Each structure stands twice: as structure tokens, then as C-alpha cells.
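Structure record follows, encoded as C-alpha cells.
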Amino acid sequence: MPFRLLAPLGLLCLLLPLHRGAPGPDGSAPDPAHYRERVKAMFYHAYDSYLENAFPYDELRPLTCDGHDTWGSFSLTLIDALDTLLILGNVSEFQRVVEVLQDNLDFDIDVNASVFETNIRVVGGLLSAHLLSKKAGVEVEAGWPCAGPLLSMAEEAARKLLPAFQTPTGMPYGTVNLLHGVNPGETPVTCTAGIGTFIVEFATLSSLTGDPVFEDVARVALMRLWESRSDIGLVGNHIDVLTGKWVAQDAGIGAGVDSYFEYLVKGAILLQDKKLMAMFLEYNKAIRNYTRFDDWYLWVQMYKGTVSMPVFQSLEAYWPGLQSLIGDIDNAMRTFLNYYTVWKQFGGLPEFYNIPQGYTVEKREGYPLRPELIESAMYLYRATGDPTLLELGRDAVESIEKISKVECGFATIKDLRDHKLDNRMESFFLAETVKYLYLLFDPTNFIHNNGSTFDAVITPYGECILGAGGYIFNTEAHPIDPAALHCCRRLKEEQWEVEGLMKEFYSLKQGRSRFQKTTISSGPWKPPAGPGTFSSAENHDGVREKKPTKQRIPLLSCPSQPFTSKLALLGQVFLDSS
């Protein structure tokens with residue numbers, strides 16, 4: 001008998017009292033100006049609470065009004081909130097925070113850090129802030145955007161992650177020690193998203209710095225996942241990076257997999273890379289064939305396509321926004337409206353929602369103020385102008401303020417059934433949730449620039465056009481200006497060529513007669529390797545391959561410490577990631 005979904009019965013909409021002056025439930029669209037100010041007030045309540053009670057720790061604990069380190073002791077909320085400050089128009093605080101980070105941020109610490117989270121939050125946040133610095137009135141140095149202190153910090157953080165990629169498959173470990181490299185006892189099991197979510201940040205970093213190692217390792221990881229897909233075109237949830245064997249074989253679009261698909265699309269747009277887009281479109285066919293039922297997406301066995309879990313996860317709510325980026329608006333809206341019914345039922349999206357039963361899944365009833373449904377609403381509203389999308393924004397503001405606002409910020413909702421709270425405010429609340437809400441209600445924000453205005457930046461290397469729009473958000477909502485990659489790429493290629501010629505000249509001078517026979521490649525010139533872990537070459541298929549070079553960071557050199565990520569059976573294989 002074929003699998004059938006039942007329409008969720010008995011949806012009990014959460015009735016929230018509307019804020020004074022807010023539009024009533026009379027069918028009129030919410031007033032963007034009103035909600036824009038409400039969102040801005042939400043941001044500063046949370047941000048000020050963090051500064052007063054939690055800094056320099058990573059995150060705020062809003063119920064006890066103190067702080068704790070969560071992802072590596074980076075003052076993470078400050079980094080994550082930095083570009084949100086500029087989007088809200090606060091240039092003076094942006095400038096102050098840049099100085100604070102320059103004075104205090106240190107990556108030479110004996111801390112085991114998530115490779116995935118450090119990349120999307122720290123590397124992504126610093127890269128975005130670097131590219132937005134001039135707009136924020138920061139005095140930039142000659143050569144910007146191809147140089148600068150925030151770029152140097154982003155490069156330093158990313159270089160700390162490179163040892164994780166030194167595996168037989170080229171797929172990275174999930175955790176790395178920032179001082180010593182990969183722990184000898186580190187688990188080789190990594191989620192799919194933790195392998196395929198690097199190309200946006202790492203390709204940007206390679207283009208800006210001229211070191212190809214970052215883009216190279218990101219591309220190798222993407223290709224190894226692509227080569228590991230099943231015969232029916234699906235990927236599982238967790239894989240052993242040493243052997244390439246799938247450990248968790250649940251296939252879907254949600255937790256543990258989500259941003260892999262996101263980065264194929266965004267990487268393709270950022271880099272104008274047809275191959276990455278072709279890979280996603282192939283996945284999209286398999287996803288529609290095997291996981292889609294009545295505009296919901298379920299979890300299936302990756303080799304057979306049989307349903308393993310008929311659940312919707314809150315992390316899957318990014319999917320309609322991703323569909324909008326490839327122009328699939330009709331399907332995106334239908335799926336979005338399904339997800340919106342769940343929000344109306346609970347006043348938020350539970351981590352897991354049983355679709356046939358129309359209710360939460362045991363022990364997955366929480367809502368940590370995730371941004372994904374709001375993210376999709378922002379993308380779809382830009383594409384369609386449908387006022388229903390503004391209604392979701394209104395509901396999100398009203399719900400979050402009513403349920404999770406406390407004296408010291410906004411608390412994670414531990415259980416949407418009774419609205420019990422948990423003592424945590426994740427940094428993505430300021431990086432993503434508030435940012436996407438604000439951009440939903442601010443159609444004239446510079447982020448939405450259609451190319452009618454731009455900045456012409458004069459550098460020692462020529463004129464550079466920036467700020468013309470088309471920003472690519474990384475999965476932590478840090479915007480990257482694609483034009484900056486082109487600003488630096490030609491310069492760096494010329495620099496590599498000069499360095500290559502100089503090296504050849506000195507090798508001839510030191511070790512050979514000028515008349516001695518030499519062998520010079522007749523193929524296209526390749527830049528010499530940067531100072532990282534790998535150099536690159538391309539095989540006949542155009543896929544970069546790894547070649548070991550001199551290592552800057554000692555590998556496998558510190559005492560074993562267990563990996564703390566969750567991994568279990570019977571559906572509990574999903575990481576708690578943003």
C-alpha cells in the first residue's frame with residue numbers, strides 16, 4: 001500500500017494579543033515600518049543583555065543573566081551580531097566591535113572546536129564584516145578588500161580548521177583542536193552538512209587572500225560526497241570520513257544534511273559554477289522522487305527510498321527559500337504554507353513534527369528561536385510580494401516576544417506545548433532570526449540593492465566595484481558580496497605568477513647552469529601552493545586533487561578527547577546545528 005499523508009487535524013492556532021498599534025486580523029497586511037521597529041527593539045534587548053551579562057563568553061544565558069562558552073570561546077555572539085548591526089544602521093557600534101575583536105580575539109587556544117560551526121559563524125562572520133567595513137565607515141587599509149585585519153583573522157581561524165581535512169577521503173573530521181590539530185581519538189563520523197558546508201566561506205577566503213588551499217579542500221569534500229551518493233541519487237546523514245562508508249543512512253533535506261544542498265546552490269551562484277548547480281539539480285530530482293509527499297519532505301532510506309521517518313524538522317524550513325533561488329516559486333510557496341500551518345499551531349516550529357499525527361515528537365518539542373522559516377519568508381517575499389509572507393513575520397515577532405522574552409534577552413523555548421523555557425540564547429538568534437525578520441520588513445535595505453547603486457573603490461591595483469547587490473548569505477546569514485571575489489582574483493593570479501617565476505629563477509641560479517636542460521610544463525600555469533596543508537592540481541575531469549606540502553600546523557598531536565556530538569540509532573542521528 002503506498003504511503004499516504006493525512007492532513008493534520010485539530011490545528012489549534014496560538015492566539016496572541018496584538019501589540020497596540022499593530023494591524024488587526026482584518027485581512028490587511030502587517031505594517032512593515034511598525035514591525036521593523038519592533039524587530040530592532042528585539043535586537044537591542046538581546047544584544048545589550050549579552051554585552052551587560054555575558055561578554056566575553058560565547059553566548060548569553062538569559063534566565064540566570066550570565067554567560068557561557070559553547071562553540072570555542074570566541075565571544076561568538078559578538079562576531080555573529082556584527083553584520084546585523086550594520087544592516088540595522090548602527091555604524092558606530094559596528095566600528096567599536098571591530099576594535100574590540102582586533103584587540104581580544106585569539107585562536108591560539110587549547111579548545112576543541114566544531115569545524116562546521118567555527119566556519120559558518122566565525123569565518124563567515126569575520127569575512128562578511130570585512131567586506132562591509134568600508135560601508136560601515138571603518139578606515140580600511142590600502143589594498144582592501146584584498147587585505148585587512150578582519151580578513152587576517154578570518155584566514156587565521158580557517159587555517160586552524162585545515163588539519164581536519166587531512167583524511168584519506170578529503171572529507172573533514174567534525175572537531176579539531178585549535179592549538180594542536182585533530183585529536184588522535186577523534187571520531188571519524190561526521191554529518192553530511194559538516195562536510196559540504198565550506199565552499200562559500202573557503203572560496204571567498206581563497207579569492208581574497210590568494211591562497212587556493214581553502215577552496216581546494218572545500219571542493220574535494222564536495223566531490224567526495226557527490227561520489228558517495230547512492231544508486232538512486234541520495235546521500236545519508238552521517239559518514240565515516242576515513243572509509244567513506246555511510247553510518248546513518250537516513251536521507252532527507254533537514255538536520256545533518258541541510259546546508260550541503262544549500263551550499264551547492266549558493267556556491268554555484270557565488271562562483272558562477274555550472275557543475276555545482278548541475279549537482280544540486282540532480283539531487284533535487286532524487287529528493288522530489290523519493291522524499292516528497294504532498295508538498296512535505298520525509299526521511300527515507302538512502303538506498304531503497306522507503307520512508308524511515310514521516311517527520312518534518314524545523315531545520316527543513318530553509319528549503320522553500322532555497323527553491324526560490326532556483327526559480328521554483330510555486331513548489332516553494334506550497335511547501336512554505338505547509339510549514340506555516342505548523343507555526344500557527346504552536347507559535348513556533350518544534351524540532352520534530354510528526355506529519356501523519358499532526359503533533360510534536362517526544363523529546364523534540366523545543367524551539368530554539370531558529371530562523372529557517374523566516375529566512376524562507378524573506379526570500380519568497382522578495383520574489384513574490386505575497387502579503388502572506390509578511391503575516392508570518394508578524395506572527396514570529398508577536399510569538400517570540402510573548403513566549404520567550406525575559407529580563408535578560410530571549411530564551412530558547414524548551415517545550416512548545418506549555419512554553420517552558422531553557423536557559424540559552426543561541427548566537428544565531430542575532431545573526432539570523434532577527435536579521436531575516438528585519439530584512440523581511442525593510443524592502444529598501446542596502447542588502448536588497450538591485451544594482452542601481454554601487455561603490456567604486458580605488459585600490460593600488462585598479463578600480464573595484466562593490467555593493468551592487470546580489471549578496472550571498474552563508475548558512476549563518478552572513479552576507480558575502482560576490483564582486484569582492486573578482487576584485488582580488490586577477491591581482492592574486494598575477495602575484496602567484498610573479499612568485500612562480502621568481503622561484504624558478506632562484507632555483508636555476510642556485511642549482512643549475514643556465515644552459516642545463518630544464519623541463520617546463522607546457523600545460524596551463526598553476527599557482528604555487530599557499531602555506532596551508534594542501535596544494536592543488538586538476539585531473540582530466542577538472543576535479544582538484546590533494547597533494548601534501550609542508551605543514552604549518554602539527555597534526556594528531558594532542559591527548560584524546562571525545563567528540564561531544566550526538567549520534568544514536570532509530571532516528572536520533574541528527575545534530576543540534578543552526
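Computed from a prediction, not measured in an experiment: that's the story for all the values here.
- With a 4.5 Å cut-off on side-chain heavy atoms, Leu105 and Ile79 count as touching.
- Note that Arg229 lies in the cation-pi zone of Trp226, set by a 6.0 Å cut-off to the ring centre and a 45° limit from the axis.
- Taking every heavy atom of both residues into account, Leu131 and Pro145 meet most closely at CD2-CB, 4.0 Å.
- Classified by interplanar angle (parallel below 30°, tilted 30° to 60°, perpendicular above 60°), the ring pair Tyr436/Tyr379 is tilted.
- Seen from the ring of Phe446, Lys135 counts as a face-on cation partner, given the 6.0 Å and 45° thresholds.
- The aromatic rings of Phe202 and Phe165 lie tilted to each other, with the angle between the two planes from 30° to 60°.
- Counting non-hydrogen atoms of other residues, nucleotides and ligands closer than 6.0 Å to CD of Glu141 gives a total above 12.
- Residues Thr204 and Leu270 are in side-chain contact: their nearest non-hydrogen atoms beyond the backbone lie under 4.5 Å apart.
- The shortest distance between side-chain heavy atoms of Trp71 and Val122 does not fall below 4.5 Å.
- Between Cys146 and Cys487, a gap of 2.5 Å or greater is found separating the two SG atoms.
- A donor-acceptor pair is defined here as one N or O able to donate and one able to accept, closer than 3.5 Å; such a pair exists between the side chain of Trp144 and the backbone of His130.
- Partners of Asn423 under the side chain to side chain contact (heavy atoms under 4.5 Å, CB included) rule, at least two apart in sequence or in another chain, are Arg61, Pro62, Leu63, Thr64.
- The distance from atom NZ of Lys275 to atom CG of Leu222, rounded to the nearest 0.5 Å, is 10.5 Å.
- Across all their heavy atoms, Ala317 and Leu349 have their closest contact at CB-CD1, 3.9 Å.
- Asp58 places a side-chain N or O within 3.5 Å of a backbone atom of Leu76 that can act as its donor or acceptor partner.
- In this structure, CD on Glu262 lies 11.5 Å from CD1 on Ile253, to the nearest 0.5 angstrom.
- Taking the side chain as every heavy atom from C-beta outward, Leu430 and Phe43 approach each other to under 4.5 Å.
- When side chains are defined from C-beta on, Ile239 does not count as touching Lys245, because their heavy atoms never get closer than 4.5 Å.
- Taking the ring centroids of Phe198 and Tyr263, they lie at or beyond the 6.0 Å cut-off.
- Legend: salt bridge (Lys or Arg N to Asp or Glu O under 4.0 Å) pairs involving residues 81-102, not counting sequence neighbours, sorted by first then second residue: Asp83-Lys435, Glu93-Arg96.
- Across Phe94 and Ala129, no two heavy atoms sit closer than the pair CZ-O, 3.6 Å.
- Each of Ile120, Leu161, Thr190 was checked for a side-chain contact (heavy atoms from CB on, under 4.5 Å) with Val115, and the lone residue meeting it is Leu161.
- At least one side-chain heavy atom of Val457 sits under 4.5 Å from a side-chain heavy atom of Lys134.
- In terms of heavy atoms, Thr77 sits closest to Glu59 at OG1-CA, 3.6 Å.
- Between Trp246 and Asn237 the shortest side-chain heavy-atom distance does not fall below 4.5 Å.
- Atoms CG and CD, on Asp66 and Glu52 in that order, are 14.0 Å from each other to the nearest 0.5 Å.
- Between Arg219 and Glu215 a salt bridge is recorded (basic side-chain N to carboxylate O distance below 4.0 Å).
- Within 6.0 Å of the CZ atom in Phe454, the count of heavy atoms belonging to other residues, nucleotides or ligands does not exceed 12.
- Around the OH atom of Tyr57, the shell of radius 6.0 Å holds no more than 12 heavy atoms that belong to other residues, nucleotides or ligands.
- Aromatic pair Phe74/Phe107: centroids less than 6.0 angstrom apart.
- Of the candidates Glu351, Glu426, Glu375, Arg370 forms a salt bridge (Lys or Arg N to Asp or Glu O under 4.0 Å) with just one, namely Glu351.
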Handout entry: Worked check of side chain to side chain donor-acceptor pair (under 3.5 Å) between Thr412 and Asp422
Key = CA-CA 5 Å; Thr412 286; Asp422 204 358; 6.0 Å; no
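- Using a distance-only test at 3.5 Å, with no hydrogens or angles considered, no donor-acceptor pair links the side chain of Ser133 to the main chain of Val138.
- For Thr169 (side chain) and Val241 (main-chain N/O), a donor-acceptor pair under 3.5 Å exists by modelled atom type.
- In this structure, His478 has its ring center at least 6.0 angstrom away from the ring center of Phe473.
- Taking both residues in full, the closest heavy atoms of Ser404 and Leu421 are given as CA-CD2, 4.1 Å, listed atom of the first, atom of the second, then distance.
- Between Glu155 and Phe214 the shortest side-chain heavy-atom distance falls below 4.5 Å.
- Shortest non-hydrogen contact noted between Ala221 and Met171 is O-CG, 4.3 Å.
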